[in-house]
Amino acid sequence: QKEVEQDPGPLSVPEGAIVSLNCTYSNSAFQYFMWYRQYSRKGPELLMYTYSSGNKEDGRFTAQVDKSSKYISLFIRDSQPSDSATYLCAMIKAAGNKLTFGGGTRVLVKP
Amino acid sequence: ETGVTQSPTHLIKTRGQQVTLRCSSQSGHNTVSWYQQALGQGPQFIFQYYREEENGRGNFPPRFSGLQFPNYSSELNVNALELDDSALYLCASSSPSTGRDTEAFFGQGTRLTVV
């Protein structure tokens, strides 16, 4: 079993809809949670990171962490075709230095 | 665009050969991590270099090795290439005050194909 699970999609939504992405994890030692966006043939781009449980908002993006359920989410409001990409969740342990990634969810926003 | 640059962007090698990939970290960043991303998968941690020393290694065999130079640029070397080594190799730089890669910035990657 992988430490971090993520539905591969693809997730297809109409322009303007809310995109809802999530990851589950098994190791309670993870303390820092990141979301990356990766366009085809490009490197991952950091969108947001959150420490421990709670919510964090940045523009159209909201990240949520529920450590009791070992579940994290990313919401994208007012989705645009330019949001079409693969979204990767990643996490780090408190005393760790490496990112552990989910497999990524491919998102397609249709005009 | 991040300040992390990788070269080359694409590479084709034959099984059994050796390859060297290069990474220039973002200005002010002293830590470089390397990741392997197979098609349709998330990146997997290979190793990290901090101030020219290896600072953690993932589940990769010894034929994957690296270097970090005084200017914090880095190389990834892979010996005895296997077909399964075909992947996107990503370099990430950071300047963690506490040793964590919470804000790691990735380069565009090197696409390695082993035939």
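In the text below, chain A, chain B and the rest are named by the order of the sequence lines, each starting its count at 1. Only heavy atoms go into these numbers, but all of them, side chains included; no hydrogens, no water, no symmetry mates.
Under the 4.5 Å side-chain contact rule for hydrophobic residues, A:Ile76 and A:Phe33 share a cluster. Side-chain heavy atoms closer than 4.5 Å link hydrophobic residues (I, L, V, M, F, W, Y) into clusters, and following such links, even through other members, never connects A:Phe61 to A:Met34. A:Phe101 and A:Leu21 fall into different hydrophobic clusters, where Ile, Leu, Val, Met, Phe, Trp and Tyr side chains are chained together by heavy-atom contacts under 4.5 Å. By the rule that hydrophobic residues join a cluster once side-chain heavy atoms approach within less than 4.5 Å of another member, A:Leu74 and A:Val19 end up as members of one cluster.
No other option in B:Gly42, B:Pro43, B:Gly109 has as many heavy-atom pairs under 4.5 Å with chain A as B:Pro43.
Within the 4.5 angstrom heavy-atom criterion, no atom of A:Gln6 approaches chain B. Neither the backbone nor the side chain of B:Gln6 has a heavy atom closer than 4.5 Å to any heavy atom of chain A.
From B:Phe45, atom CZ reaches atom OG1 of A:Thr100 across 9.0 Å, with rounding to the nearest 0.5 Å. With rounding to the nearest 0.5 angstrom, the NZ atom of A:Lys98 is 8.0 Å from the CD atom of B:Gln44.
By a heavy-atom distance cut of under 4.5 Å, B:Leu88, B:Leu90 are the residues of residues 73-91 of chain B near chain A, going up by number.
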Would you tabulate the side-chain donor-acceptor contacts of residues 84-91 of chain A under 3.5 Å, counting partners in other chains and residues two or more places apart, or write 'none'?
| unit_1 | atom_1 | unit_2 | atom_2 | d |
| --- | --- | --- | --- | --- |
| A:Ser84 | OG | A:Pro81 | O | 2.9 |
| A:Ser84 | OG | A:Val109 | N | 2.9 |
| A:Tyr87 | OH | A:Asp83 | O | 2.6 |

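A:Glu57 pairs by the salt bridge (charged side-chain N to carboxylate O under 4.0 Å, His left out) definition with A:Arg77, not counting sequence neighbours. Not counting sequence neighbours, the partners of B:Glu54 by the salt bridge (charged side-chain N to carboxylate O under 4.0 Å, His left out) test are B:Arg57.
In terms of modelled atom types and a separation under 3.5 Å, the side chain of B:Tyr35 and the main chain of A:Leu99 share a donor-acceptor contact.
A 6.0 Å sphere centred on CG of B:Asn59 holds no more than 12 heavy atoms belonging to other residues, nucleotides or ligands. The number of heavy-atom neighbours closer than 6.0 Å to CZ of B:Arg63, taken from other residues, nucleotides and ligands shown, is above 12.
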